[in-house]
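Right, one structure below, let's go through it.
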Amino acid sequence: MRTVVYKLYISRSLSEKRLGDGEMERIFKGFQEIYEKNGVKVIGAWENEEDSLEYYLITCYRDNDHYQ
């Protein structure tokens, strides 16, 4: 049986101010392009509603070997 691996990345902006929507979209697209070139599916990206400097990214790998 093959196991799909999901990974949650939590990051925090070093800046003390919230990034604009256009800047966040540009960064997300860059991550998405890099991951997809390597066969990783990007499930989505979100901003923490309670802390606008914290961001989440969920990715999906074919299996543990692909993740490693």
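Note that this is a predicted model, so its numbers are computed, not measured. Only this structure's heavy atoms are used, side chains among them; waters, hydrogens and symmetry mates stay out.
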Atom pair [atom1]/[atom2] of [X] and [Y] - distance to nearest 0.5 Å:
{"X": "R62", "Y": "T3", "atom1": "CZ", "atom2": "OG1", "result": "14.0 Å"}
{"X": "T59", "Y": "H66", "atom1": "OG1", "atom2": "NE2", "result": "9.5 Å"}
{"X": "L8", "Y": "I43", "atom1": "CG", "atom2": "CD1", "result": "11.5 Å"}

Same apolar cluster: I10 and L53, side chain cutoff 4.5 Å: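 Shared cluster, no.
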Which atom of C60 lies closest to which atom of V40, heavy atoms considered: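 That closest heavy-atom pairing would be O-CG1, 3.6 Å.
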Minimum-distance pair of heavy atoms, taken over all atoms of E47 and S52: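 Looking at all heavy atoms of both residues, the shortest contact is OE2-CB, 3.5 Å.
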Working for side chain to side chain contact (heavy atoms under 4.5 Å, CB included), residues D63 and V4: CA-CA 5 Å; D63 53 33; V4 175; over 6 Å; no
Donor-acceptor pair between N48 and Y55 side chains, under 3.5 angstrom: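 No pair is found: no donor N or O on one side chain lies under 3.5 Å from an acceptor on the other.
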Pair K7-Y61, side-chain donor/acceptor within less than 3.5 Å: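 K7 vs Y61: no donor-acceptor pair found between side chains.
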Where at least one partner belongs to residues 34-46, residue pairs that pass side chain to side chain donor-acceptor pair (under 3.5 Å), sequence neighbours excluded: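 Checked against side chain to side chain donor-acceptor pair (under 3.5 Å) - neighbours excluded - the pairs reaching residues 34-46 are Q32-E36.
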Fellow cluster residues of I34, listed by chain then number, with links counted only when side-chain atoms sit under 4.5 Å apart: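 So far as hydrophobic clustering goes, I34 is joined with none.
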Heavy atoms from other residues, nucleotides or ligands near OH of Y9 exceed 12 (cutoff 6.0 Å):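 Counting other residues, nucleotides and ligands, OH of Y9 exceeds 12 neighbours.
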